[in-house]
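Sequence positions, counted from 1, serve as the residue numbers for this chain.
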Amino acid sequence: MKPTLPQIPDRSARPGFFVSFEGGEGVGKSTQIQILKNKLIELGKSVVTTREPGGTKAAEAIRAILLGNEYHQLTDRAEALLFAAARADVVANVIDPALADGNVVLADRYLDSSVAYQGYARKLGSEEVKVLSLWATRGLLPDLTIVLDLDPIIGMNRVSSPDRLESLELNFHRLVRNAFRELAQNEPNRFLLVDASLDTNEISNIVFDEVQSRLAL
Ligand code: TYD
């Protein structure tokens, strides 16, 4: 059965600006989010950061199941539903209200992680997983998605104590990387693909230039 996209409400008039950061393991998302946050605050912007899965009491409880090494029997579909459930909760309780209040929201992972990890790498189907997430979030898409692109051999080397997903074989992480690259290529207006092997400052300048031009700062 071919899934149909849910009706997406028009949030184009929302005063806030929504940036998601995506990529495989160990690509440096949290460092870049922190740097961008500081630069935006210096310019007088109010910034809200989130990380997925997590960000609300319920989403943190779901995170413990999703990443816990004791849940090896979790099925791929249950995993996809739990990521979507956690996302539904953080969007309704944190992200949507922050955007309505005019904040810049910087999200450490969002819907494209589900499309890449569950849709492509778990092979559940990228369209199906995207539709599930759009249903969960009532159609909320980022204004800008930064993909930090890195060879998973380098990224996985930076992971010290692997969680349930980080413990998956290298080939899984290769599929994730290719998925993000494909997503970025297919939607060039929303995505910016950045070479995460560059040095931290260079990456942060590329990211800031893009945000600045989109926000007309
Ligand atoms: P986390 O420890 O936050 O990893 P990272 O620092 O790399 O972001 O764990 C998040 C893990 O969950 C990571 O392996 C990616 C995975 N994930 C999915 O598989 N699907 C999703 O929708 C999201 C948000 C994360």
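Listed for the Asp101 side chain is no donor-acceptor partner under 3.5 Å among the backbone atoms of Asn103. A donor-acceptor pair is defined here as one N or O able to donate and one able to accept, closer than 3.5 Å; such a pair exists between the side chain of Asp199 and the backbone of Glu202. Judged by distance alone, with hydrogens and angles left aside, the side-chain atoms of Asp143 form a donor-acceptor pair with the main-chain N or O of Phe18 at under 3.5 Å. No donor-acceptor distance shorter than 3.5 angstrom exists from the side chain of Gln118 to the backbone of Leu81, with no hydrogens or angles considered.
Rounded to the nearest 0.5 angstrom, Met156 CE and Arg174 CZ are separated by 11.5 Å. Rounding to the nearest 0.5 Å gives a distance of 9.0 Å between CD of Glu127 and CG of Leu134. Between atom CG of residue Asp195 and atom CD1 of residue Ile206 there is a gap of 7.5 Å, rounded to the nearest 0.5 Å. Once rounded to the nearest 0.5 Å, the distance linking CG of Leu99 with CZ of Phe17 reads 10.0 Å.
Between Ala136 and Ala84 the shortest heavy-atom distance is CB-O, 3.5 Å.
Between Leu36 and Phe21 the shortest side-chain heavy-atom distance falls below 4.5 Å.
Taking the centre and axis of the six-membered ring of Tyr71, the NZ or CZ atom of Arg164 falls outside the cone set by 45° and 6.0 Å.
In this model, a donor atom of one side chain and an acceptor atom of the other lie less than 3.5 Å apart for Asp89 and Thr56.
A perpendicular orientation is assigned to the rings of Phe180 and Tyr117, their planes being inclined by more than 60° (bins at 30° and 60°).
One hydrophobic cluster, built from ILVMFWY side chains closer than 4.5 Å, holds both Ile62 and Leu165.
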